[in-house]
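In what follows, a single structure is set out as structure tokens and then discussed.
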Amino acid sequence: QVQLVESGGGLVQAGGSLRLSCAASGRTFSSDVMGWFRQAPGKERDFVVAISWSVDSTYYADSVKGRFTISRDNAKNTVHLQMNSLKPEDAAVYYCAAGDVDVEGATHWDYWGQGTQVTVSS
């Protein structure tokens, strides 16, 4: 069983910064892609960013491009999300996810963390 543990959420003022972390554990962990999603109350869960372990490639949602940066620590099976210039609309529960890309090129998200709350005050 693979487990994902998020940390780093909290309360920040608009324009401020937070750094989220997600650590993957388990002897069966072999996911190639890790990423972040977010869900605000009453809204759908939205894609934020993803990064591939095997290829130096990243994918950002337009809403966070230029403000958020994803990075990885291969030795620790950990990814980080640096969030700068935070806006009230960024407030949500942020979920870490891990998965793989299939032969057709679609990402399958197999594992999810419990989420960490990010609150942005104006």
Side-chain angles (χ1 to χ4, degrees):
Q1 179 68 44
V2 171
Q3 295 190 51
L4 305 178
V5 180
E6 302 111 326
S7 62
L11 173 65
V12 65
Q13 293 184 342
S17 299
L18 283 174
R19 192 176 82 144
L20 307 183
S21 298
C22 175
S25 62
R27 297 185 68 182
T28 60
F29 179 74
S30 61
S31 300
D32 184 60
V33 181
M34 295 185 70
W36 293 91
F37 292 74
R38 65 187 183 186
Q39 186 170 23
K43 296 185 178 180
E44 297 294 319
R45 185 174 298 183
D46 293 326
F47 171 80
V48 178
V49 64
I51 187 169
S52 171
W53 296 109
S54 60
V55 181
D56 187 18
S57 61
T58 55
Y59 303 88
Y60 290 89
D62 289 340
S63 59
V64 305
K65 196 172 299 181
R67 299 187 298 120
F68 291 11
T69 304
I70 191 169
S71 61
R72 65 189 184 193
D73 185 334
N74 294 337
K76 297 181 178 180
N77 286 335
T78 299
V79 294
H80 306 281
L81 182 63
Q82 180 66 45
M83 305 185 295
N84 298 327
S85 301
L86 282 162
K87 305 174 181 179
E89 51 263 44
D90 294 318
V93 176
Y94 282 70
Y95 295 91
C96 178
D100 292 285
V101 178
D102 65 20
V103 294
E104 287 79 33
T107 302
H108 293 259
W109 300 103
D110 302 313
Y111 307 102
W112 295 86
Q114 293 298 309
T116 185
Q117 178 71 52
V118 172
T119 303
V120 183
S121 62
S122 60

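Side chains included, hydrogens not; waters and symmetry mates left out as well; all remaining heavy atoms used.
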CA sep, side-chain torsions, deciding dist, call: L4, M34, side-chain contact (heavy atoms from CB on, under 4.5 Å): CA-CA 10 Å; L4 305 178; M34 295 185 70; 4.2 Å; yes
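- Taking SG of C22 as the reference point, atom CG of D73 lies at 12.5 Å (rounded to 0.5 Å).
- Y94 and W109 fall into different hydrophobic clusters, where Ile, Leu, Val, Met, Phe, Trp and Tyr residues are linked whenever their side-chain heavy atoms come under 4.5 Å apart, directly or through other members.
- Note that CG of L86 and CD of Q13 are 11.5 Å apart. Values are rounded to the nearest 0.5 Å.
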Residue pair K76, S21: steps toward the side-chain contact (heavy atoms from CB on, under 4.5 Å) verdict: CA-CA 11 Å; K76 297 181 178 180; S21 298; over 6 Å; no
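- Between the side chain of E6 and the main chain of Q114, a donor-acceptor pair closer than 3.5 Å is present.
- Atom-to-atom distance recorded for Y59:OH and K65:NZ is 11.5 Å, nearest 0.5 angstrom.
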Derivation of the side-chain contact (heavy atoms from CB on, under 4.5 Å) call for W112 and C96: CA-CA 6 Å; W112 295 86; C96 178; over 6 Å; no
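- Without hydrogens or angle criteria, D32 side chain to V101 main chain gives no donor-acceptor distance under 3.5 Å.
- In this structure, V93 is not a member of the same hydrophobic cluster as V64, with clusters built from ILVMFWY side-chain heavy atoms closer than 4.5 Å.
- Heavy atoms of other residues, nucleotides or ligands lying less than 6.0 angstrom from CD of Q117 number more than 12.
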CA sep, side-chain torsions, deciding dist, call: R38, L81, side-chain contact (heavy atoms from CB on, under 4.5 Å): CA-CA 12 Å; R38 65 187 183 186; L81 182 63; over 6 Å; no
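- In this structure, F68 has no ring pair (Phe, Tyr, Trp, His ring centres under 6.0 Å) partners at least two apart in sequence or on a different chain.
- For the salt bridge (Lys or Arg N to Asp or Glu O under 4.0 Å) test, no residue two or more places apart in sequence or in another chain qualifies with D102.
- The 12-atom threshold is exceeded at CD of E89, counting heavy atoms of other residues, nucleotides or ligands nearer than 6.0 Å.
- Residue I51 is grouped with residue L20 when hydrophobic side chains (ILVMFWY) are merged at heavy-atom distances under 4.5 angstrom, including chains of intermediate members.
- Taking both residues in full, the closest heavy atoms of A50 and V33 are given as CB-CG1, 4.1 Å, listed atom of the first, atom of the second, then distance.
- Residues S17 and S85 share a closest heavy-atom pair of OG-N, 4.3 Å.
- Under the 4.5 Å side-chain heavy-atom criterion for Ile, Leu, Val, Met, Phe, Trp and Tyr, I70 and Y95 are members of distinct hydrophobic clusters.
- Atom CD of Q39 has more than 12 neighbouring heavy atoms from other residues, nucleotides or ligands inside a 6.0 Å radius.
- Scanning both residues, A40 and A92, for their nearest heavy atoms gives N-CB, 3.8 Å.
- Around the CD atom of Q82, the shell of radius 6.0 Å holds more than 12 heavy atoms that belong to other residues, nucleotides or ligands.
- Counting heavy atoms from C-beta on, the side chains of V12 and M83 never come closer than 4.5 Å.
- Here the CG atom belonging to D100 is positioned 9.0 Å from the OG1 atom belonging to T107, to the nearest 0.5 angstrom.
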Residue pair D90, K87: steps toward the salt bridge (Lys or Arg N to Asp or Glu O under 4.0 Å) verdict: CA-CA 5 Å; D90 294 318; K87 305 174 181 179; over 6 Å; no
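- Note on F37 and V2: separate hydrophobic clusters, where clusters join Ile, Leu, Val, Met, Phe, Trp and Tyr whose side-chain heavy atoms are under 4.5 Å apart, directly or indirectly.
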